[in-house]
Colleague: 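This structure is in structure tokens; I'll ask about it shortly.
Throughout, protein chains are lettered first and strands after them, A, B, ... in sequence-line order, and every chain is numbered starting at 1.
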Protein chains: 2
Amino acid sequence: MTLKYSRQRQAVWDFIRERHDHPTASTVYEGVRQIYPNISLGTVYRNLMLLKDMGKLSTIEIGDNAIHFDPNISDHEHFVCRRCGSLADLDTYDLKAVRTRLASAAAGREIDTYSTIYFGICRNCLAQTTEKAEAVEIQGAGS
Amino acid sequence: MTLKYSRQRQAVWDFIRERHDHPTASTVYEGVRQIYPNISLGTVYRNLMLLKDMGKLSTIEIGDNAIHFDPNISDHEHFVCRRCGSLADLDTYDLKAVRTRLASAAAGREIDTYSTIYFGICRNCLAQTTEKAEAVEIQGAGS
DNA sequence: ATAAAAGCAGAAATCATTACTGACTTCAGA
DNA sequence: TCTGAAGTCAGTAATGATTTCTGCTTTTAT
């Protein structure tokens, strides 16, 4: 029950701490394997969940059949690109009033958390769309 | 490519149409089996996804490792009970202004949809909590 | 009525996640 | 420093939701 130090947990935490792309367990596994080639996926999962229980990570699910782990545990919103699947933080500002108002719709219940995810096309993909559109135009008449 | 009528798809649609509890594929499967005992889970999945592609259903993921299907395709919010896992609609009102303001945080991207899910304790579970607290008090001194 | 095309049932395959197990570490106390 | 109880690990098997595959059935345009 007492939490003991482990190199593996440390490595998982070191790997994920500075990332802003909210990797999945598989990505963390591949990353930590660069340092500990024998680490097992089960160990990665166990430690990620442990870190979550410790309150050092939060999890996000965006419908891609994988749990994403985020070292940012403060209130913030996420953006998912429908095209490339990338997951990124949105720049946020004070949304407390907005949230209170939204939450008031839940009268009679106790709300402790909520999650909001936006889906759309990210900046990178939007740029590629423009390039593609131009290329098509060069080829000939579009519809 | 042309969509043909099928009793199975009709049964899936009939089953889910009037429900407000956003069942999973398994629940739909069990329900439709009452009418077509030989229907297969694969058929249920295929038709649910078809109905989604047709725009007659929307899907919700609440982190319970299952897709929930909702015949309500209009904009609305959901509430998930952390205790019993139940999923319910929240009473909503005009949130357009709120949403516009939230969405503006996504400058430079194109947002087409987003999802907001609230987590907490539902009315039923809150009632049970009260009962339990009383029972404990009768037993003796709590901490 | 007929046959091409869509659908189906049942079974097998995927894939993320979890559980299990016997062998290591960690670390508090002697 | 030594020791052993408890926490961890690697590797592997199990789970469970969803998807795919295949040969047979139903639907429907003609």
Colleague: Specify the separation, in whole Å, of atom CD of E61(B) and atom P of dG16(D).
Modeller: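 Taking CD of E61(B) and P of dG16(D), I get 19 Å after rounding.
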Colleague: Whether the D89(A) and H22(A) side chains hold a donor-acceptor pair (N or O, under 3.5 Å, no angle test) is what I'd like checked.
Modeller: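 Per modelled atom types, D89(A) and H22(A) side chains form a pair under 3.5 Å.
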Colleague: Within the side chain of R9(A), is there an N or O that forms a donor-acceptor pair under 3.5 Å with the backbone of L51(A)?
Modeller: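 No.
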Colleague: Are Y45(B) and dT18(D) close enough that a side-chain N or O sits under 4.0 Å from OP1 or OP2?
Modeller: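 Looking at the OP1 and OP2 atoms of dT18(D), one of them is under 4.0 Å from a side-chain N or O of Y45(B).
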Colleague: So, is R9(A) close to the dT8(D) phosphate, meaning a side-chain N or O under 4.0 Å from OP1 or OP2?
Modeller: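 It does, given that an N or O in the side chain of R9(A) lies less than 4.0 Å from OP1 or OP2 of dT8(D).
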Colleague: Check the phosphate of dC8(C) against S6(B), side-chain N and O only, distance under 4.0 Å to OP1 or OP2. Yes or no?
Modeller: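 Yes, within the criterion.
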Colleague: Examine dC8(C): is either OP1 or OP2 under 4.0 Å from a nitrogen or oxygen in the side chain of N47(B)? Give yes or no.
Modeller: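 Looking at the OP1 and OP2 atoms of dC8(C), one of them is under 4.0 Å from a side-chain N or O of N47(B).
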Colleague: L41(A) near the nucleic acid: base, sugar-phosphate alone, or nothing, with a heavy-atom cut-off under 4.0 Å?
Modeller: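 Base contact.
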Colleague: Does Q34(A) reach the main-chain N or O of E30(A) with its side chain, forming a donor-acceptor pair under 3.5 Å?
Modeller: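 It does hold such a pair.
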Colleague: Has Q8(B) got a side-chain N or O lying under 4.0 Å from the OP1 or OP2 atom of dT26(D)?
Modeller: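 Checking Q8(B) against dT26(D): no side-chain N or O falls below 4.0 Å of OP1 or OP2.
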Colleague: Under 3.5 Å, is there a donor on one side chain and an acceptor on the other for K52(B) and S58(B)?
Modeller: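 Short answer, no.
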Colleague: Take atom CG of L50(B) and atom C1' of dT18(D), then tell me their distance rounded to the nearest Å.
Modeller: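 In whole Å, dT18(D) C1' and L50(B) CG are 15 Å from each other.
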Colleague: Report yes if at least one side-chain N or O of S40(A) is closer than 4.0 Å to OP1 or OP2 of dC9(D); otherwise report no.
Modeller: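 For S40(A), the contact criterion (side-chain N or O under 4.0 Å from OP1 or OP2 of dC9(D)) is not met.
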Colleague: Please tabulate, one pair per line, each protein N/O and nucleotide N/O from nucleotides 2-5 of chain D that are separated by under 3.5 Å, including the distance.
Modeller:
none

Colleague: Would a distance-only check, ignoring hydrogens and angles, find a side-chain to backbone donor-acceptor pair under 3.5 Å from H68(A) to T24(A)?
Modeller: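 Such a contact is absent between H68(A) side chain and T24(A) backbone.
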Colleague: Any side-chain donor paired with an acceptor under 3.5 Å for H78(B) and D70(B)?
Modeller: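 The answer is yes; a qualifying pair exists.
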